[in-house]
> 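For reference, the structure I am asking about is given below.
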There are 2 protein chains.
Amino acid sequence: MPWRDGTGPPWWHGKMKGCGYRLTVPRHAILDVLSQTKEHLSAEDIYLAVHKVYPAIGLTTVYRTLELLVQTGMVFKFDFGDGRARYELSEGPQSIGHHHHLVCTGCGRIIDYTDFIDEEIELLRKTEKGLSKKYNFKITNHLIQFHGLCGKCN
Amino acid sequence: MPWRDGTGPPWWHGKMKGCGYRLTVPRHAILDVLSQTKEHLSAEDIYLAVHKVYPAIGLTTVYRTLELLVQTGMVFKFDFGDGRARYELSEGPQSIGHHHHLVCTGCGRIIDYTDFIDEEIELLRKTEKGLSKKYNFKITNHLIQFHGLCGKCN
DNA sequence: ACTTTAATTGAAAATGATTATCATTAACAA
DNA sequence: TTGTTAATGATAATCATTTTCAATTAAAGT
């Protein structure tokens with residue numbers, strides 16, 4: 001498993017070790033795939049991509065690793081309504097940054113957007129603060145999606 | 001199938017007929033269940049509730065009817081991450097009104113909230129307008145969820 | 001009210017994503 | 001290098017949701 005740029009260990013190295021997890025070949029491979037795409041990959045998409053380089057890695061391991069990464073907050077899991085979950089790296093040098101999704105209910109296309117993020121962040125901050133206090137609810141994450149029809153479908 | 005208050009047909013009567021759908025007993029029963037709860041019911045929850053009154057109504061019909069209601073916009077379908085979809089009446093006399101959800105990742109509890117809705121609506125309106133134009137995307141619906149730990153779980 | 005006709009239904013089987021099992025393998029601390 | 005234990009992968013199991021298809025029924029027209 002090569003380092004990403006030859007100058008040192010991948011950025012997730014510390015994160016994994018810090019959480020007490022072993023750095024295995026499958027985990028490297030899966031994180032590599034996630035960090036080198038801007039797509040919204042399903043578990044099987046990731047399995048197929050990983051499989052090209054390491055045919056021995058099984059789908060089960062992909063699912064297990066993804067769950068682990070979601071638990072540790074390194075990966076976000078999304079449901080776009082088509083019956084299979086999608087995964088995105090949540091942060092790090094290769095990630096796209098904070099964004100949300102437009103989901104086309106016609107063709108299933110997903111559009112990332114970052115517009116109005118500043119105002120949105122401000123409202124979210126205020127909302128999170130208020131809700132945390134009112135409901136004694138510790139917020140760790142939020143999800144925003146707009147559903148509708150994309151250019152091709154309307 | 002009784003009218004809801006004895007003064008006329010249920011509010012959804014016109015909606016169904018208007019869309020060219022037949023008013024059948026199963027559809028009445030399912031809409032009745034949805035309009036008489038504030039819970040976030042799964043398809044099986046609805047099936048069980050309906051089954052008490054009409055044991056002949058099958059789970060398949062519940063799924064089919066829910067899909068129909070989602071398509072026509074009478075019902076919202078949610079995914080709270082536990083592998084089964086939840087359904088809520090989207091409008092009408094009995095509905096709770098516009099709200100969003102706090103999802104506890106510890107115990108799965110769902111809390112409805114309506115706080116900050118005005119400011120949120122304003123931002124959403126602006127965002128929807130901007131996104132519609134920029135991406136030529138016709139927005140029909142939006143989804144907002146906060147994930148975290150509820151009072152019992154933290 | 002009775003017929004007609006296509007929409008709707010329900011039981012059973014199929015699907016498909018995800019998870020559990022369990023013997024084998026490999027990471028890494030000592 | 002070795003021992004301990006987490007991690008893996010092939011297979012089978014699970015479980016929500018769909019599909020199939022023959023039987024039923026809403027409702028429009030007699």
Side-chain angles (χ1 to χ4, degrees), chain A residues 1 9-10 12-31 33 40-48 50-72 74-75 77-87 108, chain B residues 1 9-10 12-31 33 40-48 50-72 74-75 77-87 108:
Chain A
M1 172 61 55
W12 61 72
H13 190 118
K15 183 91 181 178
M16 289 293 273
K17 301 290 285 229
C19 293
Y21 297 113
R22 292 180 180 173
L23 281 170
T24 66
V25 170
R27 287 172 183 173
H28 269 287
I30 289 164
L31 279 160
V33 167
H40 312 90
L41 302 180
S42 67
E44 185 165 14
D45 292 334
I46 296 166
Y47 165 73
L48 290 173
V50 158
H51 194 263
K52 287 180 187 167
V53 186
Y54 300 97
I57 296 175
L59 182 55
T60 304
T61 297
V62 172
Y63 273 106
R64 266 189 302 232
T65 301
L66 287 171
E67 190 193 343
L68 179 73
L69 296 173
V70 169
Q71 293 306 323
T72 59
M74 299 174 71
V75 163
K77 180 179 182 178
F78 294 98
D79 169 70
F80 296 138
D82 67 345
R84 61 181 62 187
R86 307 303 170 111
Y87 301 86
Chain B
M1 171 63 54
W12 60 73
H13 190 117
K15 184 90 179 179
M16 290 293 273
K17 300 289 285 228
C19 293
Y21 297 113
R22 291 183 183 173
L23 282 171
T24 65
V25 170
R27 288 172 183 172
H28 268 286
I30 289 164
L31 279 160
V33 166
H40 312 90
L41 301 180
S42 67
E44 186 165 14
D45 292 335
I46 295 166
Y47 165 72
L48 290 174
V50 158
H51 194 262
K52 286 180 187 167
V53 186
Y54 300 98
I57 295 176
L59 181 56
T60 304
T61 297
V62 172
Y63 273 107
R64 267 189 300 230
T65 301
L66 287 171
E67 190 192 342
L68 179 73
L69 296 173
V70 169
Q71 293 305 324
T72 60
M74 299 174 72
V75 163
K77 180 178 181 178
F78 294 99
D79 170 68
F80 296 138
D82 66 346
R84 62 182 60 188
R86 307 303 169 111
Y87 301 85

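Throughout, protein chains are lettered first and strands after them, A, B, ... in sequence-line order, and every chain is numbered starting at 1. Small disclaimer: the values here were computed from a predicted structure and weren't measured. Every heavy atom of this structure was used, including side-chain atoms; hydrogens, water molecules and symmetry mates were not.
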> Which whole-number value in Å describes the distance from A/Glu67 CD to C/dA17 P?
18 Å
> Reading DNA chain D 5' to 3', which nucleotide is the first, and which the last, to come under 4.0 Å of any heavy atom in chain A?
D/dT5 to D/dT11
> Not counting sequence neighbours, which residues clear ring-ring contact (aromatic ring centres under 6.0 Å, His included) with A/Phe78? List them please.
A/Phe80, A/His101
> Considering the terminal five base pairs at each end of the helix from C/dA1-D/dT30 to C/dA30-D/dT1, what angle separates the two local helix axes, rounded to 10°?
40°
> Could you list all the side-chain hydrogen bond (donor to acceptor under 3.5 Å, both in side chains) pairs where at least one residue sits in residues 14-23 of chain A, not counting sequence neighbours?
none
> Using side chain to side chain contact (heavy atoms under 4.5 Å, CB included) as the criterion, list what pairs up with A/Val70, not counting sequence neighbours.
A/Val75, A/Lys77, A/Tyr87
> Rounded to the nearest 0.5 Å, what separation is found between the CG atom of B/Asp79 and the CZ atom of B/Arg86?
9.5 Å
> Looking at A/Lys17, I'd like to know whether one of its side-chain N or O atoms comes within less than 4.0 Å of OP1 or OP2 on C/dA27.
no
> Only counting residues at least two apart or in another chain, list the ones meeting salt bridge (Lys or Arg N to Asp or Glu O under 4.0 Å) with B/Arg64.
none
> With sequence neighbours left out, write down each residue that passes salt bridge (Lys or Arg N to Asp or Glu O under 4.0 Å) with B/Arg27, or none if nothing qualifies.
none
> Where along nucleotides 4-13 of chain C does protein come under 4.0 Å, by heavy atom, of base (B) or sugar-phosphate alone (S), with - for untouched nucleotides?
--BBSBBBB-
> Can you check whether A/Val62's main-chain N or O pairs, donor with acceptor, with A/Thr65's side chain at less than 3.5 Å?
no
> With side-chain contact (heavy atoms from CB on, under 4.5 Å) as the test, would you mind laying out the steps for B/Leu69 and B/Leu31 before giving the verdict?
CA-CA 9 Å; B/Leu69 296 173; B/Leu31 279 160; 4.0 Å; yes
> Kindly write out the residues that satisfy side-chain hydrogen bond (donor to acceptor under 3.5 Å, both in side chains) with B/Asp45, not counting sequence neighbours, or none if the list is empty.
B/Ser42
> Atom OH of A/Tyr54 and atom P of C/dA26: how far apart are they, to the nearest Å?
14 Å
> Between A/Tyr63 and C/dT18, does any side-chain N or O lie under 4.0 Å from OP1 or OP2?
yes
> I'd like to check the side-chain hydrogen bond (donor to acceptor under 3.5 Å, both in side chains) partners of B/Thr61; sequence neighbours left out, ordered by chain and number.
none
